[in-house]
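In what follows, a structure is listed as structure tokens, so that the remarks can point back to it.
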Amino acid sequence: MTGDHQTLALLLFSTFVAVTLGITTWVSRHRQGSAEEFYAGGRLFSPMENGFAIAGDYMSAASFLGISGLIALYGYDGMLYSVGFLVAWLVVLFLVAELVRNCGRFTLADVVASRMRERPVRIAAGTSSVTVSVLYLVAQMVGAGSLVALLLGGTTEAARTWTVIGVGALMVIYVSLGGMRATTWIQIVKAVLLLGGTAALTTLVLVRFQGDFDRLLRTAAERSGHGEAFLAPGLAYGGDWTSRFDFISLGLALVLGTAGLPHILSRFYTVPTARAARRSVVWSIGLIGGFYLMTIVLGFGAAALVGPDAVRASNAAGNTAVPLLALDLGGGAGSTGGTVLFAVVAAIAFATILAVVAGITLASSASVAHDLYASLRRRETEPRSEVAVARIAAVGIGAVAIGLGLLARDLNVAFLVGLAFAVAASANLPVLLYSLFWRGFTTRGAVWAVYGGLVPAVVLVLLSPVVSGGPQSLFPDVDFQYFPLQNPGLVSVPLGFLAGWLGTVTSPESPDEAKHAETEVRSLTGAGAV
């Protein structure tokens, strides 16, 4: 990239960082000592504000960079992510949003612990939430590294390393100083920027093809080198039985995983009522649906105008397809229009990463303080000390995410998020649904459901081609690959549900009918909700 690209993109990005740090500083002057203020922003956000914040939380680097890159490289098969991420919101809307808002206070564990023995359930759910959050954070870090490598005109390891460290440091500042209120406003600003930027790029792509979407697809297919196969299923997931099962596994993880993501569940606590939570989801579905439709245009646009070979040459996983498309749409390398458009897209992508990592870090630090720390202390924790622990936890989680982000820097960000979704669908969703809908569910069932999904999911990822045994693996020089699928969802999600059922039917304790009745009334009516 030219010096103009670098200067302008860095200037725009610095402006966004300055604005968001200003928001954080302003919010930090307000009272942040109470747990409700730090974790839930005082529950003062309107459905529209929360809907934009949810969209900002959900439309991550995986969506903006990873999905478009996968479509540019694999055509039809890359669209699975767009479809899966969007369809998942129907599960959230109909099964989770209102019930979670009525039954909990700050975290997933609150919902389960309302009718179980608290300590074992909170430790299990807290451990699972932190694991999912760290996996999700790694994807954002990888996206940041790819962007800066492109922005600075090279792939120097030092540039990537310092970028990832810088993003980690900023997210810790946002969370520890501003809490949920600052994080929410950062996500709202980012959602507006991302939707505006994506709409502008989509319009430019369609104008380039005179609004003829069919011509866009045909040009993409010709440029791809695969011909008609580029527009048909099977390019990425149709080679053999393993890839076909991987396709099913990924679809299962994407559709079921959203309802188990800690940073999405925590957003339902920032509105005053369950009705507001449901309306938030309706707002977010509209925004997210429009965005994912546009990523399909951007992906095929990148294939048609930039070409898969150029995308691969810049980043093997396809993470830089959208910035390269922006450069081409603006007039190409060296042109003023290309420079400006590239810089704007790079700045929006950075804003996306920063806002999402802030939300995830807040959710995971809340799990550490509100669930793990409070449970292990064995006695009632002062809200102020709990918030202090959450701030310290944000630093620790940031450090872990930075380390893993540097390790996984060559993997596609959408693919990495798929792994986080698989763990969420395996460990968090079974215990959440059983707690809300199964009268006979017990504490042992809850603990077994979490660990019965979490442990197999993590172990299968470690034994999969993602970690070893191939040129694209984290450790290409060693081979301890015993599980053939890249995404564990097909095996680990049923295991989570099975473990929860098995733990319940073998449990020596009887289910607490009174607590279930209380939870049922509260979840459906909101009576007694915080």
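Counting begins at 1 with the first residue of the sequence. Heavy-atom basis, side chains included; hydrogens, waters and symmetry copies ignored.
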Compare every heavy atom of [Y] with every heavy atom of [X], then report the nearest pair and how far apart it is.
X: L261; Y: A424; value: CD2-CB, 3.9 Å
X: T184; Y: A53; value: CG2-CB, 3.7 Å
X: A363; Y: S266; value: CB-OG, 4.1 Å
X: L324; Y: A310; value: CD1-O, 4.0 Å
X: N487; Y: A422; value: OD1-CB, 3.4 Å
X: A427; Y: S128; value: CB-OG, 3.3 Å

side-chain hydrogen bond (donor to acceptor under 3.5 Å, both in side chains) partners for [X], two or more places apart:
X: T219; result: none
X: S284; result: none
X: S280; result: N50
X: R215; result: Q210

Quick one: pull up [atom1] in [X] and [atom2] in [Y] and give me the separation to the nearest 0.5 Å.
X: S426; Y: F497; atom1: OG; atom2: CZ; result: 9.0 Å
X: L80; Y: I248; atom1: CG; atom2: CD1; result: 11.0 Å
X: L362; Y: D57; atom1: CG; atom2: CG; result: 9.0 Å
X: L206; Y: L201; atom1: CG; atom2: CG; result: 11.0 Å
X: L287; Y: F52; atom1: CG; atom2: CZ; result: 4.5 Å
X: I360; Y: Y136; atom1: CD1; atom2: OH; result: 6.0 Å

Side-chain polar contacts of residues 292-304 - donor-acceptor pairs under 3.5 angstrom, sequence neighbours left out - could you list them?
residue	atom	partner	partner atom	Å
Y292	OH	S63	OG	2.8
T295	OG1	S82	OG	3.2
T295	OG1	Y292	O	2.7

Is there a donor-acceptor pair under 3.5 Å between the side chain of [X] and the backbone N or O of [Y]?
X: S249; Y: D246; answer: no
X: S129; Y: G126; answer: no
X: T198; Y: L195; answer: no

Should [X] and [Y] count as side-chain neighbours, where that means a heavy-atom distance under 4.5 Å?
X: L204; Y: L341; answer: yes
X: P262; Y: N428; answer: yes
X: I71; Y: Y81; answer: no
X: W185; Y: E49; answer: yes
X: I54; Y: F268; answer: yes

Stepwise side chain to side chain contact (heavy atoms under 4.5 Å, CB included) check, V91 with T258: CA-CA 8 Å; V91 179; T258 300; over 6 Å; no
Within 6.0 angstrom of F209 CZ, more than 12 heavy atoms from elsewhere: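 Above 12, so yes.
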Salt bridge (charged side-chain N to carboxylate O under 4.0 Å, His left out) contacts in which one or both residues fall within residues 202-211, not counting sequence neighbours: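 Listed once each, the pairs are R208-D328.
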Parallel, tilted or perpendicular, as decided by the 30° and 60° cut-offs, for the rings of Y58 and F85: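 If you compare the ring of F85 with that of Y58, the planes turn out perpendicular.
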